Amino acid sequence: MPHTQLPDHGAVLAEVREVRRAGVVRLRELRVPALAAISDGLEAAAPGAPHFPAVERLLRLAVSRIGGGTLQEAAEYSLGLAQGTRDWPAADRRKRAAQVYGISVERFRKHHELMVLGEVAEQIVRMAPVGRTVVRDAPVVLFPGTRRPAPRLASAHRRLRVRSARITVHVHPADLLRDVDVVVSPSNTYFALPEAYKSSVAASLRRAGALRDAAGGLVEDRIHDELRAWVARHGRPGGAVAPGTVAVTGAGALERQGVRRLYHAAVAVPRAGTNDYDVLPADVTRAVARAFALLGAEAGRHRPPLTSLCLPLLGAGRGGLAPAESVAAVWAAVEAELARGARWDLHFVVRRSERADLIEQLLGAEIA
């Protein structure tokens, strides 16, 4: 019997990449079943009507929802949606998209293009009507005594291989991490931690690192106190640090779970007079590079040495970065570290399986 599934981000991204290669002018010739199914779910097409006009409208709508800026402009050129580019060869469209970022075509191809197309795919997945899109074939598991399909549980851990590197992606809250030496925690440039009851990565780590009595009462807000002490030692109480700065604290009660250090990455710049933040991808890359430098400097001071580091998608929460932008910014620093021969045990932590799918697709990873 038919059953309800969410669209698969990887399948959508693969078809968006196929459109990039061919251009929208050749949509009629392409086999894009995932895009066709989603567009069919959004529009009441006449029986037997060709799918490609609706698919083009879907792509245009997805790109328009990116919200402007260089990311949207590069997406328009990449897919041939910018005015006058429908019939441009793929190489010309890629060259023009690279110019949007002011980088070489080769660098755009290796890094930014995956980010751009990944964001288009994510917008499409968000628009898809649940239950109308056919995704990866899988056996249907029914609840006992019913004809209602049981939801499939996604794996909480994925082990990926990206060239010579092995990476573990944790799909659960950050406070459930175990046996990872260093966890990077996103912060604002004032190193002001969110209240422990909130749902962000930094709040959950603060909550899990606090020392409590047998009744659950707070004894010591260890991570908060150590971070305030770091700020005082470095002469910045009440003032902001430069974006990309990383402060080091212990892990408090998280040490019981094998987490030994927290690296607080200042990537979010508070916007004056509001509750909002600005995050630049360059600051995310700078912070991750600084985290690796700190790990290299202090790894040997601990027994046993520090060997593993876990990264969230910095800036992809209240910071407002698109998840694909965050992945690209984080990976730029990770790839530079790998290129110099580093052999760290690398981890990512995300709350939702679609974010894990995005990491897997953007990095071109294989299941290890």
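Just so it is clear, the structure is predicted and the values come from calculations on it, not from any experiment.
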**Q** If every non-hydrogen atom of A266 is compared with every non-hydrogen atom of N188, which pair is closest and at what distance?
**A** CB-O, 3.6 Å
**Q** List in chain and number order the residues that pass side chain to side chain contact (heavy atoms under 4.5 Å, CB included) with R355, two or more places apart in sequence or in another chain; answer none if no residue qualifies.
**A** E122, L313, A316, P323, V350, R352
**Q** With the side chain counted from C-beta on, respond yes when L59 and I124 share a heavy-atom pair under 4.5 Å apart, and no when they do not.
**A** yes
**Q** Any chain of hydrophobic side-chain contacts (each under 4.5 Å) joining Y263 to V349?
**A** no
**Q** Among residues two or more places apart or on two chains, list those pairs meeting side chain to side chain donor-acceptor pair (under 3.5 Å) that have a residue in residues 58-67.
**A** E56-R60
**Q** Could I get the full list of side chain to side chain contact (heavy atoms under 4.5 Å, CB included) partners for R301, not counting sequence neighbours?
**A** A297, E298
**Q** I need the R207 CZ to I223 CD1 distance, nearest 0.5 Å.
**A** 11.0 Å
**Q** Honestly curious: do I66 and I38 fall in one hydrophobic cluster under the side-chain, below-4.5 Å linking rule?
**A** yes
**Q** Measuring from atom CG of L13 to atom CZ of R20, what distance do you get when rounded to the nearest 0.5 angstrom?
**A** 12.0 Å
**Q** Quick one: CG on D87 to CZ on R26, what's the gap to the nearest 0.5 Å?
**A** 12.5 Å
**Q** Got a sec, which residues hit side-chain hydrogen bond (donor to acceptor under 3.5 Å, both in side chains) with R286, two or more places apart in sequence or on another chain?
**A** D283
**Q** Side-chain contact, heavy-atom cut-off 4.5 Å: L35 with V19?
**A** yes
**Q** Would L309 and V184 satisfy side chain to side chain contact (heavy atoms under 4.5 Å, CB included), going step by step from the backbone distance to the final call?
**A** CA-CA 7 Å; L309 180 135; V184 175; 4.2 Å; yes
**Q** Could you tell me which residues satisfy side chain to side chain contact (heavy atoms under 4.5 Å, CB included) with A247, sequence neighbours excluded, listed by chain and number?
**A** F191, L227, W230, H264
**Q** Which pair of heavy atoms, one from R271 and one from Y277, lies closest together, and at what distance?
**A** NH2-O, 3.4 Å
**Q** Sequence neighbours left out, what pairs pass salt bridge (charged side-chain N to carboxylate O under 4.0 Å, His left out) with at least one residue falling in residues 170-185?
**A** D181-R260
**Q** Who pairs with Y101 by ring pair (Phe, Tyr, Trp, His ring centres under 6.0 Å), at least two apart in sequence or on another chain?
**A** H112
**Q** Considering only heavy atoms from C-beta outward, does the side chain of L177 approach that of H172 to under 4.5 Å?
**A** yes
**Q** Is the shortest side-chain heavy-atom distance between V16 and L79 below 4.5 Å?
**A** yes
**Q** Hey, what do you get for CZ (F292) to CD (E337), rounding to the nearest 0.5 Å?
**A** 5.0 Å
**Q** Tell me whether E226 contacts the main-chain N or O of G250 through its side chain, where contact means a donor paired with an acceptor under 3.5 Å.
**A** yes
**Q** I'd like to know if the side chain of R28 and the backbone of V25 have a donor-acceptor N/O pair within less than 3.5 Å.
**A** no
**Q** Once rounded to the nearest 0.5 Å, what's the spacing between atom CG of L358 and atom OG of S326?
**A** 9.0 Å
**Q** For H347, check ring pair (Phe, Tyr, Trp, His ring centres under 6.0 Å) against everything at least two apart and list the hits.
**A** H170
**Q** Are side-chain heavy atoms of L346 and L338 found at a separation under 4.5 Å?
**A** yes
**Q** Tell me if a side-chain donor or acceptor on S104 pairs with a main-chain N or O of R107 at a distance below 3.5 Å.
**A** yes
**Q** Locate the shortest heavy-atom distance separating L306 from R261; write the atom from each residue and the value.
**A** CD1-CG, 4.1 Å
**Q** Quick one: list whatever passes salt bridge (Lys or Arg N to Asp or Glu O under 4.0 Å) with R17, sequence neighbours left out.
**A** none
**Q** Between R158 and D357, does the side chain to side chain contact (heavy atoms under 4.5 Å, CB included) criterion hold? Intermediate values first, please.
**A** CA-CA 10 Å; R158 303 187 191 186; D357 293 342; 2.6 Å; yes
**Q** What pair of heavy atoms forms the shortest contact from E15 to A34, and how long is it?
**A** OE2-N, 3.0 Å
**Q** How long is the gap from CD1 on I359 to CD1 on I167, to the nearest 0.5 Å?
**A** 8.5 Å
**Q** Identify, with sequence neighbours excluded, every residue that meets side-chain hydrogen bond (donor to acceptor under 3.5 Å, both in side chains) alongside R233.
**A** none
**Q** Which pair of heavy atoms, one from S78 and one from F108, lies closest together, and at what distance?
**A** OG-CZ, 3.9 Å
**Q** Transitively linked via ILVMFWY side-chain contacts under 4.5 Å: V248 with V288?
**A** yes
**Q** Which heavy-atom pair separates A210 from A253 by the least distance, and what is that distance?
**A** O-CB, 3.5 Å
**Q** Excluding sequence neighbours, so at least two apart, what forms side chain to side chain contact (heavy atoms under 4.5 Å, CB included) with H224?
**A** L193, R206, D221, R228
**Q** In chain order, what residues pass the salt bridge (Lys or Arg N to Asp or Glu O under 4.0 Å) check against R109, with sequence neighbours excluded?
**A** E106
**Q** Would you check if the side chain of R93 reaches a backbone N or O of W88 as a donor-acceptor pair within less than 3.5 Å?
**A** yes
**Q** In terms of hydrophobic clustering (I, L, V, M, F, W, Y; side-chain heavy atoms under 4.5 Å; direct or indirect links), are L117 and M127 co-clustered?
**A** yes
**Q** Any salt bridge between E195 and K198, counting N to O under 4.0 Å?
**A** no
**Q** Looking at A333, is its backbone amide N or carbonyl O close enough to the side chain of T285 to form a donor-acceptor pair, meaning the two atoms are under 3.5 Å apart?
**A** no
**Q** Evaluate the side-chain proximity of L71 to M115: yes if any heavy-atom separation is below 4.5 Å, no if none is.
**A** yes
**Q** Mind running side chain to side chain contact (heavy atoms under 4.5 Å, CB included) on V334 and L311 for me, showing each step along the way?
**A** CA-CA 10 Å; V334 173; L311 293 154; 3.8 Å; yes
**Q** Quick check on the hydrophobic clustering: are L61 and L81 connected, directly or via other members, by side-chain heavy-atom contacts under 4.5 Å?
**A** yes
**Q** With heavy-atom distances below 4.5 Å as the criterion, would you say the side chains of L362 and W331 are in contact?
**A** no
**Q** Taking the side chain as every heavy atom from C-beta outward, state whether V330 and F348 have any pair of such atoms under 4.5 Å apart.
**A** yes
**Q** Is Q123 reaching over with its side chain to a backbone N or O of V63, donor-acceptor style, under 3.5 angstrom?
**A** no
